[in-house]
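In what follows, a structure is listed as structure tokens, so that the remarks can point back to it.
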Amino acid sequence: MVIAHADVDAFFVSVERRDTPRYRDRPFVVAAEVVACASYEARELGVHAGMPLARVLHRWPEVVVAPPRDERYSRAGEELFALFRRYTPLLQPGSMEEAFLDVTGRDGGDPVALAAGLRRTARRELGLPVSVGLARSKLWAKLAGRRAKPDGLVVIDAEREAELRPALRLEGLWGVGPRTVPRLHEAGLFTVADLAGHDETSLAAIVPTAMVRTLLAIARGTDDATVRIPGPRRSVSAQRTISPPTRTRSTVLGVLGTVVGLAVDRLGHDPRRPSRLEVTVRFDDGTIRTGRAPLPGAVADPAGIERVARRLLEGTGWEDDGRGVTLAGVVLFLAAAREVPGQLALPFAPGLPDG
DNA sequence: TCTGGGGTCCTAGGACCC
DNA sequence: TCTGGGGTCCTAGGACCC
């Protein structure tokens, strides 16, 4: 099994620099009010994504700024994936600008040459720097890719993987997140080697069962090497934070209406009807409550969806105590592809639910 | 390190059916 | 009538990723 992780370095920055030479070779960020993407030169200064632009310019006036151009990035992403598909159809997107590629058997016995060719082609045809990590599994390809940045290629073969594995820090693992890391640390576990004395039972006392499996697989070297080709999207969503926290009914209902509208807009020209609705509220103590319900076949318009959303909102009991509301959001779940209207065998058969 | 927004997947528990 | 087991579906919540 040979997995490649391919990823454009500083994606937004690289697209802007391709189009505009004066953005090159200097600290540069793509930012609206906060930094969306910082060049490696800017990162050296201490700039990072999420930083308010005003603070950046106050401290480092030499930083050059360009506003984000989302359509440009989407198109660059599409071109990138078209390029990936020339190497293998077995690819699992991680985001607009990165993917895992299963290149097993497609590398002519030389995955390094394949990866180098991919990088060269991306540079020549798209003008973008793509870093590639090559390894046995997705985790290790991702780790190799991290080491490859910027603009490099790193291979971690089985031998090297076995050397590196014990010292791997748990907080650096792909798939081990911010909820799990503190629990592991509290239990005295910091590296993969620390997992050696543990099994399903002992780890289950520390983290949830799915995470137990993830951790043991990493420790045993049987972690996931399956590249999953995504089907059609399963959901669209929208959420908005509310600041300051509110207990005003009209405010909460107003935000709910807004996010329903945004989510419906996101459906775009998708021919599928949303089959379920989820409503989420977050309180000022960080607690989240959700409600979910089917959307009857008759409900397809924003007003109808909003009625169901209001009912689910009431069901969260948000008015029952003194807490303020800090976020409202909705998710529209889409029917599986086989339920797309027009693909039903008997669309007008009597007695069938109309959904 | 944090915030914010858009996604995916998994699990526990209960209901229901056979 | 009672018991048990298995499968499936639904809901609420949790965790992760970029």
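Proteins get letters first, then strands, A, B, ... in listed order; numbering begins at 1 in each.
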Report task. Decide salt bridge (Lys or Arg N to Asp or Glu O under 4.0 Å) for A:Glu200 and A:Arg220; before the verdict, give the C-alpha distance in whole Å, the side-chain angles of both, and the deciding distance to 0.1 Å. Result -> CA-CA 12 Å; A:Glu200 278 81 359; A:Arg220 293 166 181 167; 3.6 Å; yes

Going by an N to O cut-off under 4.0 Å, is there a salt bridge joining [X] and [Y]?
| X | Y | value |
| --- | --- | --- |
| A:Glu98 | A:Lys138 | no |
| A:Arg136 | A:Asp223 | yes |
| A:Arg160 | A:Glu163 | yes |

Could you list all N or O pairs between the protein and nucleotides 2-7 of chain B that sit under 3.5 Å apart?
from: B:dG5; atom 1: OP2; to: A:Thr241; atom 2: N; distance (Å): 3.3
from: B:dG6; atom 1: OP2; to: A:Gln239; atom 2: N; distance (Å): 2.7
from: B:dG6; atom 1: O3'; to: A:Arg266; atom 2: NH1; distance (Å): 3.3
from: B:dG7; atom 1: OP1; to: A:Arg266; atom 2: NH1; distance (Å): 2.5
from: B:dG7; atom 1: OP2; to: A:Ser237; atom 2: N; distance (Å): 2.8
from: B:dG7; atom 1: OP2; to: A:Ser237; atom 2: OG; distance (Å): 3.1

Touch class at under 4.0 angstrom, heavy-atom based, for [X] against every strand present:
| X | answer |
| --- | --- |
| A:Met211 | sugar-phosphate |
| A:Gly329 | nothing |
| A:Leu173 | sugar-phosphate |
| A:Lys138 | nothing |
| A:Glu278 | nothing |

Report summary line: All stems that DNA chain B takes part in, i.e. 3 or more consecutive Watson-Crick or G-U pairs with distances under 3.5 Å, are B:5-18 with C:5-18

**Report entry** Shortest side-chain distance from A:Trp174, nucleotide among C:dC17, B:dC10, C:dG13
**Finding:** C:dC17

Query raised in the report: Picking from C:dT11, C:dC16, B:dC10, which would you name as closest to the side chain of A:Arg276?
Result: C:dT11

Query - Under 4.5 Å side-chain linkage, directly or through intermediates, the cluster mates of A:Trp60 - result: A:Val29, A:Val35, A:Leu45, A:Val47, A:Met51, A:Leu53, A:Val56, A:Leu57, A:Val63, A:Val65

Query raised in the report: Could you go step by step and tell me if A:Asp7 and A:Arg146 meet the salt bridge (Lys or Arg N to Asp or Glu O under 4.0 Å) rule?
Result: CA-CA 9 Å; A:Asp7 189 1; A:Arg146 254 185 228 167; over 6 Å; no

Report task. Check whether any side-chain N or O of A:Arg183 sits under 4.0 Å from OP1 or OP2 of C:dA15, and answer yes or no. Result -> yes

